[in-house]
> 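Provided herewith is a single structure, encoded as structure tokens, for subsequent inquiry.
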Amino acid sequence: MSIQGKKVIEILEKISEKIDENKAYLSELDAAIGDGDHGLNMSKGFKAVVEKIKDDDGNDIGGILKKSGMALVSNVGGASGPLYGTAFMKAAVSVNGKSEVDINDFAKMLDEALEGIKMRGKGQADDKTMIDAIEPALKSIKEGIDSGIEVKEILKAAKEAAYKGVEHTKEIIAKKGRASYLGERSLGHQDAGATSSAIILETIYEALN
Ligand code: ADP
Ligand code: MG
């Protein structure tokens, strides 16, 4: 299964809608251990993404993702803007000039995105961040590719792995971001950024289903 540039634009529009639907929920999660703006940040950021790419011809998926990353960096005030922005810009480089991508490209994109987030935020697994959703999803995708299962099944397993990672964030102490100021008091709370990452991965699965 290959995805054309126009489909990538459609998926980004769906992500924007889904993030908007979950705006209050994401901000509520952030309010418990942060400053309560994650939903607003993400919704504003992805609206800017949609605005920036809506007239794109779809011929260069790298270009679409680069524009998306730039829109996120320049329109989101919080920590998540530069982090998601870097993720999209790093993913862009791996598919530069391509008019279609397959599951192997997607694994490469997510790999680069994750490296970008880790580099930019100096974080790692178990810091109670978006990394805790993305890393298990990527691992699951790589395993799915190796075992030769269908793309739909790979993406289903990936979003499930991401949500499992989200659940795990309740059991760990925040070591990065605003929630880290709370130390042990961050225990029992779900990370907002991990949740938005899982929502994005779920939307990709749904859009290709
Ligand atoms: P802010 O914390 O500036 O208010 P947001 O509320 O939009 O920004 O985003 C908070 C989310 O960003 C957290 O839930 C966490 O997942 C993620 N985050 C914060 N710092 C880092 C970091 N250093 N590395 C990875 N993710 C991080
Ligand atoms: Mg916040």
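Note that ligands are numbered from 1 as they come in the structure, with each ligand's atoms numbered from 1 the same way. Each residue takes its place number in the sequence, starting with 1. Source: prediction; values computed, not measured.
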> Where the closest heavy atom to atom 14 (O) of ligand 1 is concerned, which of Thr86, Thr169, Ile134, Asp191 has it?
Asp191
> For Asp35, counting its heavy atoms only, list the atoms of ligand 1 lying under 4.0 Å from any of them.
4 (O)
> Give me the nearest non-hydrogen protein atom to atom 7 (O) of ligand 1 as residue plus atom name, then the distance to 0.1 Å.
Ser80 OG, 2.6 Å
> Can you confirm whether the side chains of Thr195 and Tyr25 place a donor and an acceptor under 3.5 Å from each other?
no
> Under 4.0 Å from any heavy atom of Asp30, which atoms of ligand 1 are there?
6 (O)
> May I ask you to check if ligand 1 and Arg178 share an N or O to N or O distance below 3.5 Å?
yes
> Would you kindly specify which portion of Leu83 sits under 4.0 Å from ligand 1, judged on non-hydrogen atoms: side chain, backbone, both or neither?
side chain
> Considering distance alone, does some N or O of Met130 sit under 3.5 Å from an N or O of ligand 1?
yes
> Pick, from Gly193, Ser196, Ala79, the option with the minimum heavy-atom distance to atom 3 (O) of ligand 1.
Ala79
> For the residue pair Tyr84 and Phe46, categorise the inter-ring angle as parallel (less than 30°), tilted (30 to 60°) or perpendicular (more than 60°).
perpendicular
> Which protein heavy atom lies closest to atom 26 (N) of ligand 1, and at what distance to 0.1 Å?
Thr129 CB, 3.3 Å
> Within a distance under 4.0 Å of any heavy atom of Gly177, pick out the atoms of ligand 1 and give their elements.
19 (C), 20 (N)
> Compute the shortest N/O to N/O distance between Gly121 and ligand 1 and return yes if it is under 3.5 Å, no if not.
yes
> Counting both backbone and side chain atoms, is some N or O of His38 under 3.5 Å from an N or O of ligand 1?
yes
> Provide the number and element of each atom of ligand 1 under 4.0 Å from a heavy atom of Gly78.
3 (O), 8 (O)
> Would one find more than 12 heavy atoms of other residues, nucleotides or ligands at under 6.0 Å from atom NZ of Lys118?
yes
> List every atom of ligand 1 that sits less than 4.0 Å from any heavy atom of Lys176, numbering the atoms from 1 in the order shown and giving each element.
22 (C), 23 (N)
> At a 4.0 Å threshold, what atoms of ligand 1 neighbour a non-hydrogen atom of Asp37?
4 (O), 5 (P), 6 (O)
